[in-house]
Number of protein chains: 2
Amino acid sequence: MAKTKTDMREAVMAAARATVQSHGYNALSFRELAKEVGIKSASVHYHFPTKGDLGAALARRYTEEGAAFLAELLATSVDAAWCMDRYAEIFRSALANDNRMCLCGIMSAELDDLPAEVRTEVDKFAEMNVDWLARVLSWAKPSQSEQDLREHAMAIFAAIEGAQLVARGCRDIAIYDRTIRAYRKAGLIP
Amino acid sequence: MAKTKTDMREAVMAAARATVQSHGYNALSFRELAKEVGIKSASVHYHFPTKGDLGAALARRYTEEGAAFLAELLATSVDAAWCMDRYAEIFRSALANDNRMCLCGIMSAELDDLPAEVRTEVDKFAEMNVDWLARVLSWAKPSQSEQDLREHAMAIFAAIEGAQLVARGCRDIAIYDRTIRAYRKAGLIP
DNA sequence: ACCTGAACACCGTTCAAGT
DNA sequence: ACCTGAACACCGTTCAAGT
């Protein structure tokens with residue numbers, strides 16, 4: 001089985017993902033990436049013709065993995081509070097892991113620098129999250145309209161992204177915990 | 001009166017601020033900045049020795065102007081709900097103005113790329129906002145402890161930054177409006 | 001199929017030199 | 001005091017050339 005091509009592609013993506021979550025899309029350097037995986041920068045372009053192709057591939061993969069994880073949660077429990085706790089933990093774990101951020105959250109902040117194909121994937125990530133959150137919310141509030149559920153879901157998604165952004169900015173994960181607690185106390189999160 | 005030096009410094013800062021709010025700190029280019037204000041890039045270094053000096057100056061000025069505006073609000077009314085509405089409007093106006101973001105919010109997302117002096121100023125902006133929000137909240141809930149007030153204030157700050165981030169990512173200001181409404185409905189914002 | 005070296009136009013920064 | 005041109009080591013991208 002030919003493993004070299006796939007392996008090198010995967011190695012580049014792994015290194016790139018870590019860099020983006022820590023430093024953002026702009027900080028991605030084909031030369032540094034190449035050094036990390038042991039090839040030349042021109043060779044990285046063989047796997048990903050442009051930086052936009054690499055960014056889009058990262059975001060797509062990130063959304064896929066996130067969707068799979070959330071689907072697993074959905075299959076495990078129908079308790080809204082339990083699912084929300086697991087959800088908040090995902091974003092917490094990024095901070096716990098070397099003060100990293102949600103790949104698509106950090107890319108949102110760099111939006112105007114992103115090539116169109118990367119934006120598209122970032123949008124899809126937000127959509128996937130809102131879909132999932134609306135579904136979980138529908139258990140807690142079965143009477144609410146689809147419109148209201150999605151609005152509430154979007155609010156939770158934005159609030160959690162914001163908590164991560166601010167806590168990361170302060171380099172203090174305790175701020176994330178306190179903020180999530182305040183959201184719950186205020187009734188924003190079930 | 002010698003106006004050239006001050007004027008050029010101000011011109012550089014104005015151009016730089018617009019660029020950062022739209023494209024982030026990383027997108028700041030001394031060469032493009034120089035072109036915009038009609039000097040050479042080496043001359044920009046005369047006013048701001050490094051990019052970090054420029055970034056820190058921008059954030060400091062931004063915090064000062066924000067603090068002055070919020071102090072004005074505080075002097076105008078002691079109604080918490082009214083103050084919160086005005087506060088949410090400030091962040092809305094950045095989006096309305098060409099989908100721009102809070103200068104310090106967008107810089108938070110690029111945190112690891114920021115020189116230490118810029119980080120310091122970004123931290124001060126968050127602190128200034130939390131101070132103000134806690135004070136406004138104390139009117140609505142005089143019984144709460146200082147600790148609880150600050151926690152709630154931090155949650156509001158994070159939630160609003162998040163709403164701005166996500167709405168900007170979707171290039172849809174209506175998402176900001178809906179999210180703020182959901183925060184209010186949930187009781188996060190008075 | 002996969003990788004490379006060399007070239008291109010960019011970047012922040014430095015510095016000696018101009019006025 | 002303020003500005004400049006030239007140099008340095010970086011960047012993404014392209015392309016002809018190697019295996």
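By convention in this document, chain letters (A, B, ...) are assigned in the order of the sequence lines, proteins followed by strands, and residues within each chain are numbered from 1. Reckoned from all heavy atoms, side chains included, excluding hydrogens, waters and symmetry mates.
D:dC2 atom P lies 7 Å from atom NE2 of B:His47, rounded to whole Å. In this structure, B:Ile39 atom CD1 and D:dC2 atom P are separated by 11 Å, rounded to whole Å. Going from atom CZ of A:Arg9 over to atom P of C:dA1 covers 15 Å, rounded to whole Å.
Atom CD of B:Glu32 has 12 or fewer heavy atoms from other residues, nucleotides or ligands within 6.0 Å. Around the CZ atom of B:Arg135, the shell of radius 6.0 Å holds no more than 12 heavy atoms that belong to other residues, nucleotides or ligands.
A cation-pi contact links A:Lys51 to A:Tyr25, judged by a cut-off of 6.0 Å to the six-membered ring centre and 45° from its axis.
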Counting primed atoms, P, OP1 and OP2 as sugar-phosphate and everything else as base, the B/S/- map of nucleotides 7-19 of chain C against protein heavy atoms under 4.0 Å is B---BBBBB----
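Side chain of A:Thr19 to main chain of A:Ala15: a donor-acceptor pair is present (N/O by atom type, distance under 3.5 Å, no hydrogens or angles).
With pairs defined as Watson-Crick or G-U wobble and both atom distances under 3.5 Å, the stems of at least three pairs that touch DNA chain C come out as C:4-8 with D:12-16, C:12-16 with D:4-8.
A salt bridge links A:Glu10 with A:Arg61: the distance from a Lys NZ or Arg NE/NH1/NH2 to an Asp or Glu carboxylate oxygen falls below 4.0 Å. No salt bridge links A:Arg86 with A:Asp79; every basic N to acidic carboxylate O contact stays at or beyond 4.0 Å. Between B:Arg150 and B:Asp131 there is a salt bridge, since at least one side-chain N of the basic residue sits less than 4.0 Å from a carboxylate O of the acidic one. B:Glu121 and B:Lys124 are joined by a salt bridge, as a carboxylate oxygen and a charged side-chain nitrogen come within less than 4.0 angstrom of each other.
One finds no side-chain N or O of B:Tyr46 lying less than 4.0 angstrom from the OP1 or OP2 phosphate oxygen of D:dC3. Between D:dC2 and B:Ser43, no contact under 4.0 Å exists linking OP1 or OP2 to a side-chain N or O.
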